[in-house]
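Quick note: numbers below take in every heavy atom, side chains included, and nothing from hydrogens, waters or symmetry partners.
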Amino acid sequence: MRHALLDVAPLRQSAPFRRLWLGQTLSRLGSQMTLVAVMFQVWQTTNSTVWTGAVGLAQAVPLIGLGLFAGTVVDRVDRRKFYLITTTGQFGCACVLALQGILGHFPTPAVLLLVAVQSCFTAGGGPVSRTFIPRLLPEQQRAAGLALNRISFQGAMLTGPVLGGLTLGGLGVGGCYLIDALTFAAAFHGAFGLPRMSPGADQARPGLRGVADGLAFLVRTPVIRGALLTDLATTVLSMPISLFPQVNAERFGNDPRTLGLFLAAVAAGGVIASLFAGSFTRRSRPGLVMLGGSATWGAALALFGLSADPWAGLAFLVLAGAADTVSVVSRSTLVQLHTPDELLGRVGAAEQIVGQAGPDLGNLRGGLVADATSGTAALVSGGLLCIGAVALVGMTTPGLRWFSAPSLRGAAAG
């Protein structure tokens, strides 16, 4: 049982990682509260689903458009300083959001512009934060560190919207934004506690040349290429979130109180898997674990589509959330073990773009298929396509199946 539980050794043994993890955890919680507040504010002022949909667009476009260029900068400069700059930028945007929320009467396009500007800083902060674990933790603890980051993310996804809703009811949108701004105090504490992280001798070339070098590395490295393709297979082919309102109408009588249960079920599964992360982070073949987790995600969503009982359907979503966490942590472990330090920023940016664009495209696919057929057909076909794509990637990328992490063999045996 001890080996199956989440390994917290990185928190005990690395003070910089501990401060960073705590700061990022609180900041992620505040960000989820802000997302709820932005959606609520935009809906209250426009009463339009087009404008609420534009919130996601304001977040996604900067991440996708600037990500690879930001990754090149990460591989050229002191990463601690760059992280401080991006954190300061996000904090400034949070303060302006809080101010406009308190004063009121701020135009909706201006709110979305603030969200987009904050996302520009996130486009740099995401890739640089992915480079810290190899610098702060020994190789045998990287998987455990990634699992700790995952439970931080899933915990924020699970509790942030709830706290955001409660805060909106008591303090309004201004109070919600203000709490997010205050959480940056913890983020700054973690950032200032990092050691200096100067780039190595092989610095990235500037501009498009640096981007091209990063893309070339992804193409010629089968394990990383296969890992990212697997992630795209699970999200583009079977992302179910756009189908949740229809499923809620069919199985829960369109009760708005139950709609949140779908996302909560996925997040709960992720938290459960993270708590027992030792059961898969100590395995010596992270590629095989990743393929198994991705295939289980697809199977769980297909079963969710076929399930006639609503509560059994929620159970399958919990399983899907757990499988997603297993896959994500294992994929990140593979990527970091196969990426040299001088390329971590650009590869981290590619991971971020795949993680952002894949779900958006997957939700679009699900909506289109459901509109042409039915929600059940969209879920089942997506799950089966996911399983087939994962099997294809596994068969054509032997390195994913057979790669054995030397640093994890002893942990697995122990």
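Rounded to the nearest 0.5 Å, atoms CD (Gln41) and CH2 (Trp51) are 12.5 Å apart. Going from atom CG of Leu218 over to atom NE2 of His338 covers 13.0 Å, rounded to the nearest 0.5 Å. Separation of atoms CD (Glu250) and OG (Ser374) is listed at 7.5 Å; rounding is to 0.5 Å. Separating the CE atom in Met395 from the CG atom in Leu400 is a distance of 12.5 Å, to the nearest 0.5 Å. Between the CZ atom in Arg150 and the CG atom in Leu148 there is a gap of 13.0 Å [rounded to 0.5 Å]. Taking CG of Leu97 as the start and CD of Gln118 as the end, the distance is 6.0 Å to the nearest 0.5 Å.
Under the 3.5 Å distance criterion, the side-chain polar atoms of Ser307 are matched with a main-chain donor or acceptor of Asp309. Under a 3.5 Å cut-off, the side chain of Ser381 and the backbone N or O of Ala378 do form a donor-acceptor pair. Within the 3.5 Å criterion, the main-chain N or O of Leu194 finds no donor-acceptor partner in the side chain of Arg19. Between the side chain of Gln154 and the main chain of Gly269, no donor-acceptor pair closer than 3.5 Å is present. No donor-acceptor pair under 3.5 Å is formed between the side chain of Arg346 and the backbone N or O of Gly71. No side-chain donor-acceptor contact under 3.5 Å links Ser119 to the backbone of Val115. Judged by distance alone, the side chain of Thr45 and the main-chain N or O of Val42 form a donor-acceptor pair under 3.5 Å.
Shortest non-hydrogen contact noted between Trp297 and Ala320 is CE3-O, 3.2 Å. Listed here is the closest heavy atom pair of Pro10 and Gln141: CA-OE1, 3.8 Å. Closest approach of Met33 to Thr167, counting heavy atoms only: CE-OG1, 3.4 Å. Residues Val271 and Ile151 come closest through the heavy atom pair O-CD1, 4.2 Å. What you find for Pro286 and Leu334 is that their closest heavy atoms are CG-CD2, 3.9 Å.
A 4.5 Å side-chain heavy-atom check between Leu379 and Gln246 finds every atom pair outside the cut-off. Counting heavy atoms from C-beta outward, Phe91 and Ser27 have side chains that stay 4.5 Å or more apart. For the pair Ile353 and Leu63, the minimum side-chain heavy-atom distance is 4.5 Å or more. Taking the side chain as every heavy atom from C-beta outward, Tyr177 and Val96 never approach each other to under 4.5 Å.
In summary, Asp324 and Arg331 do not engage in a salt bridge, as defined by a charged side-chain N under 4.0 Å from a carboxylate O.
Between the side chains of Trp21 and Ser152, no donor-acceptor pair of N or O atoms lies under 3.5 Å. For the residue pair Thr234 and Ser294, no side-chain donor N or O sits within less than 3.5 Å of a side-chain acceptor on the partner.
The aromatic rings of Phe244 and Phe262 sit parallel to each other, their planes meeting at less than 30°, with 60° as the upper class boundary.
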